[in-house]
Amino acid sequence: MALGPLGRILAQGVVAGIAVLARALPAAYAAALQNARKSGADKAAEEAARKGASFLGKVRMCKDEALMVLNITEKEATAEAIQRQYDRYFEANKVEKGGSFYLQSKVYRAKELLDEYVKEKNAEQMEKGKARQQ
């Protein structure tokens, strides 16, 4: 089936447009990367990642939320209390028992964060104890 002169002109225009885009898009992307480096956007992304934001921009759970999830106060936050509350709430929210996977993951993340907190708190107390001895 012959396209005719109008079809041929149209096809040539489409091919020329694709060729222009094929050259322009990589150049525009390179310019955007260069501008991002100049403005510090890459450093801002690194800073957000360091503070706990993930690739999708979700921020880690804060200590106060973790304490609320496990229903303990900051004074009660010992390794044993955290483990006891974790076991209780993780078991209560098992999917097999009709619980919620979302709540189970919240409990897990809360325990994870509070374990780090307790470890840091214990390390600080050890340092204070060593400083007092000297």
Side-chain angles (χ1 to χ4, degrees):
M1 179 165 133
L3 292 176
L6 185 60
R8 196 172 325 133
I9 292 171
L10 188 61
Q12 286 175 345
V14 169
V15 169
I18 290 173
V20 168
L21 283 176
R23 280 185 251 126
L25 285 177
Y29 183 72
L33 282 177
Q34 189 175 19
N35 288 338
R37 286 188 189 109
K38 284 182 185 175
S39 70
D42 57 340
K43 290 178 184 155
E46 289 173 11
E47 181 74 15
R50 190 177 58 77
K51 287 184 178 179
S54 73
F55 174 73
L56 299 174
K58 295 181 181 175
V59 179
R60 286 180 54 181
M61 180 183 294
C62 68
K63 182 179 69 171
D64 293 335
E65 183 182 3
L67 289 167
M68 272 196 283
V69 167
L70 291 180
N71 195 27
I72 55 177
T73 63
E74 194 167 344
K75 291 178 183 177
E76 297 171 338
T78 62
E80 297 81 25
I82 293 168
Q83 186 64 45
R84 185 175 53 250
Q85 290 297 87
Y86 167 78
D87 291 339
R88 177 180 172 196
Y89 291 127
F90 196 83
E91 186 68 29
N93 287 297
K94 278 196 170 179
V95 176
E96 296 85 25
K97 294 182 177 181
S100 165
F101 179 74
Y102 173 76
L103 290 177
Q104 215 176 19
S105 66
K106 281 289 221 186
V107 169
Y108 179 82
R109 294 294 174 211
K111 179 189 181 298
E112 188 176 55
L113 186 125
L114 291 176
D115 283 343
E116 287 177 24
Y117 169 71
V118 167
K119 190 183 298 182
E120 289 172 6
K121 191 167 102 175
N122 290 340
E124 285 176 10
Q125 288 176 350
M126 293 287 282
E127 288 177 15
K128 285 181 184 178
K130 287 180 184 178
R132 288 181 187 165
Q133 290 176 355
Q134 295 175 352

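Quick note: numbers below take in every heavy atom, side chains included, and nothing from hydrogens, waters or symmetry partners.
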Next on the checklist: Applying side chain to side chain contact (heavy atoms under 4.5 Å, CB included) to Arg88 and Arg84, what does each step give before you reach the verdict?
Outcome noted: CA-CA 6 Å; Arg88 177 180 172 196; Arg84 185 175 53 250; 5.9 Å; no
Checklist entry - What distance separates Leu10 CG from Arg8 CZ, expressed to the nearest 0.5 Å? => result 12.5 Å
Next on the checklist: Is there a continuous path of hydrophobic side-chain contacts, each under 4.5 Å between heavy atoms, that joins Tyr108 to Tyr117?
Outcome noted: yes
Next on the checklist: Any carboxylate oxygen within less than 4.0 angstrom of a Lys/Arg side-chain nitrogen, looking at Lys111 and Asp115?
Outcome noted: yes
Item to check | Which atom of Glu76 lies closest to which atom of Ile72, heavy atoms considered | outcome: OE1-CA, 3.4 Å
Checklist entry - What is the distance from atom CZ of Phe101 to atom NZ of Lys106, rounded to the nearest 0.5 Å? => result 13.0 Å
Checklist entry - Ala77 and Leu67: which non-hydrogen atoms are nearest, and at how many Å? => result CB-CD2, 4.2 Å
Checklist entry - What are the two closest non-hydrogen atoms of Ala110 and Leu70, and how far apart are they? => result CB-CG, 4.0 Å
Next on the checklist: Taking side chain to side chain contact (heavy atoms under 4.5 Å, CB included) as the definition, give me every residue that meets it alongside Arg109, ordered by chain and number, with sequence neighbours left out.
Outcome noted: Met61, Glu112
Next on the checklist: For Leu113 versus Lys63, what's the shortest heavy-atom pair and its separation?
Outcome noted: CD2-CA, 3.5 Å
Checklist entry - Between Thr78 and Val118, is a side chain to side chain contact (heavy atoms under 4.5 Å, CB included) present by the stated rule, with each step listed? => result CA-CA 7 Å; Thr78 62; Val118 167; 6.0 Å; no
Item to check | Partner residues of Lys121 under the salt bridge (charged side-chain N to carboxylate O under 4.0 Å, His left out) criterion, sequence neighbours left out | outcome: none
Item to check | Verdict with reasoning, Tyr89 to Asn71, per side chain to side chain contact (heavy atoms under 4.5 Å, CB included) | outcome: CA-CA 10 Å; Tyr89 291 127; Asn71 195 27; 3.4 Å; yes
